[in-house]
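We number each residue from 1, following the sequence as shown.
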Amino acid sequence: MKSHTVKTLAVLILILAVIIGLVLTGTVLLIGTGINVIISGVILFFLLEALGAVLENLEEINYSLKQIATKKPSEPSVPSKQASAPTVKNIGSTWTCPDCDTVNSSTSTICKGCGRYK
């Protein structure tokens, strides 16, 4: 399951929990149940958001490992490439790789285009 799918599911569950909880709270006999549904929805939201972040990191690691596995032996290793490469260009919430000009998110430590470390 992709990380963005889990994060989208988290938001949908939160919205449904709040709506159902408010409906149940409107009924005098089910006020406690409505509040419990809302609280459960909020807790589930945060758990799924955390799971989405973990999956996002795993996807980045998987991508990096694929890049390393497909690297040709004649290519220089990443550390020697970094030593001679220009510095990373930071622009707002992104950074641009000086080796391949790929724009990456600021939370990413590895370029998604060439595997260079930030």
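To the nearest 0.5 Å, the span separating CG on Leu48 from OG1 on Thr5 amounts to 12.0 Å. Between the OG atom of Ser108 and the CG atom of Asn57 there is a distance of 9.5 Å, given to the nearest 0.5 Å. Atom CG in Leu51 sits 10.5 Å away from atom CG in Leu44 (nearest 0.5 Å).
Contact of the Glu60 side chain with the Thr109 side chain is registered, since non-hydrogen atoms from C-beta on lie closer than 4.5 Å. No side-chain heavy atom of Asn62 sits less than 4.5 Å from a side-chain heavy atom of Leu58. Between Cys97 and Asn104, some side-chain heavy-atom pair lies under the 4.5 Å cut-off. Looking only at side-chain heavy atoms (C-beta outward), Cys111 and Gln67 stay at 4.5 Å or farther from each other. Two residues are said to be in side-chain contact when any heavy atoms from C-beta on lie closer than 4.5 Å; Ile43 and Leu47 meet this criterion.
Remark: side-chain polar atoms of Trp95 are paired, donor with acceptor, to backbone N or O of Ser105 under 3.5 angstrom.
If you chain together ILVMFWY residues whose side-chain heavy atoms come under 4.5 Å of each other, Ile38 ends up grouped with Val11, Leu14, Ile15, Val18, Ile19, Leu22, Val42, Phe45, Phe46.
Closest heavy-atom contact between Thr94 and Val103: CB-CG1, 3.7 Å. Minimum interatomic distance between Cys114 and Asp99 (heavy atoms only, all atoms of both residues): SG-CB, 4.1 Å. What you find for Gly52 and Lys7 is that their closest heavy atoms are C-CE, 3.8 Å.
There is no path of hydrophobic side-chain contacts, each under 4.5 Å, that joins Ile13 to Ile39.
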